[in-house]
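A short worksheet on the structure shown next.
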Amino acid sequence: MYPLKRNRRLRTNEAIRSLVRETIISPNDFLVPLFVVEGKGVKEEIPSMPNYYRYSLDLLQNEVKELWKLGLKSVLLFVKVPDNLKDNKGTEALNPNGLMQRAIKTVKNTCPDMLVMTDVALDPYSAYGHDGIIENGVILNDETADVLAEMSLSHAKAGANFVAPSDMMDGRILSIRELLEDEGFTNTGIMSYSAKYASAFYGPFRDALDSAPVDMIDIPKDKKTYQMDYANRFEAIRETEMDIDEGADIVMVKPGLCYLDIVREIKNEVDVPVAVYQVSGEYAMLKAAAEKGWLDHDAVMLEQITAIKRAGADIIASYFAKDVVKLIS
């Protein structure tokens, strides 16, 4: 008790604060999202995500090399599919020479030891911007899960280490795991977006991939029939436990900062690694506030990342990964 116990003694200077610090950030914490486009010599800044880019395959090689030099050893690939290749069934997603499949091979050829995870969902390939096949205004669950399994197999054949289904269809983890096992890809892992909420923070990401739901009659205007209600907490536990039972190796909570209570709940309940996706809206808000001079960009960035890890994240998917690593090193 005070005065025998003075907590401020352990805050006296940076040396002692560093010595007793409970949460330490390192390059090994990060999964780096990368956006890939067709073309050559393309490095397009995403307007709603300042200082973040889409890369053509040739320039993707340079980015991957830079990440590796910084100690960033894991990437999560997304592709921007040309409109003429989009349909209602995600046909292009299964093309063995599709953009995603070539992107996987490009990363592996450039840096064989880089861990490659791939986005598995139909929205980049959908003419309607949804994560599933649509029939009579309804997102079809089981038919979509079958396509997602074939999509995952295609990624595994191209060299992906992990597939990352982000769609939130029921039972898709089991469908993917069974097909991978049947085809001999027993070492291809699954990182499931287990607790993915229907959030308003995804806007800039949808700009990056041109994958927002289209405004058409008989097409759902949002993704609330499959992504989770952000008012719910216990549902996240149920979703996550079901995914683990179906074969998920890693589970994810998305978005990040507004859902740290969910991160801690899940971390306390499961015995697999927990990933958190610090999403595009979180990135864009800090960039905008810093540009206005309202916030110290680097200080807030590091505080946010530390909070995510402190809450229980074993893996952090973040657009700030390069900036953080440069700052802490």
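The first residue in the sequence is number 1, and the count goes up from there.
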Problem - Distance-minimising heavy-atom pair for E92 and L85 - result: CB-O, 3.6 Å
Handout entry: Any D131 side-chain heavy atom under 4.5 Å of L148 side chain
Key = no
Handout entry: OH/Y319: more than 12 non-hydrogen atoms of other groups inside 6.0 Å
Key = yes
Problem - Member of K254, R172, K223 meeting the salt bridge (charged side-chain N to carboxylate O under 4.0 Å, His left out) criterion with D167 - result: R172
Problem - E14 with R17: basic N within carboxylate O range, under 4.0 Å - result: yes
Exercise for the section: Assign the ring pair F35 / F78 to parallel, tilted or perpendicular, where the plane angle (0 to 90°) is split at 30° and 60°. Expected result: tilted
Problem - Spacing of CE belonging to M191 relative to CG belonging to D243, to within rounding of 0.5 Å - result: 12.0 Å
Fill in the blank from the handout: For V147 and L94, the nearest pair of non-hydrogen atoms, with its separation, is O-CD2, 4.0 Å
Problem - Residues K326, E66: salt bridge by 4.0 Å N-O rule - result: yes
Problem - More than 12 heavy atoms from other groups under 6.0 Å of NZ on K89 - result: no
Problem - Side chains of Q304 and E282, donor plus acceptor under 3.5 Å - result: no
Problem - Value rounded to 0.5 Å, distance of CG in N141 from CG in D146 - result: 9.5 Å
Completion exercise
Smallest heavy-atom separation, D249 atom then P273 atom, equals O-CD, 3.4 Å
Problem - Cation-pi geometry met for K322 and Y53 (6.0 Å, 45°) - result: no
Handout entry: Closest non-hydrogen atom pair, P165 against I173
Key = CG-CD1, 3.5 Å
Problem - Closest approach of L140 to M169 (non-hydrogen atoms, all atoms of both residues) - result: O-SD, 4.2 Å
Handout entry: Min side-chain heavy-atom separation E246-R177 under 4.5 Å
Key = no
Fill in the blank from the handout: G132 and I139 have their tightest heavy-atom pair at CA-CG2, 3.8 Å
Exercise for the section: Step through it carefully: locate the ring centre of H155, locate the ring centre of F185, and say whether they are under 6.0 Å apart. Expected result: no
Handout entry: Pair E291 + K287: basic N to acidic O under 4.0 Å
Key = no
Handout entry: Reference residue Y197; test ring-ring contact (aromatic ring centres under 6.0 Å, His included); the match among Y277, Y259, Y230
Key = Y259
Problem - Student check: side-chain heavy atoms of R102 and N97 closer than 4.5 Å - result: yes
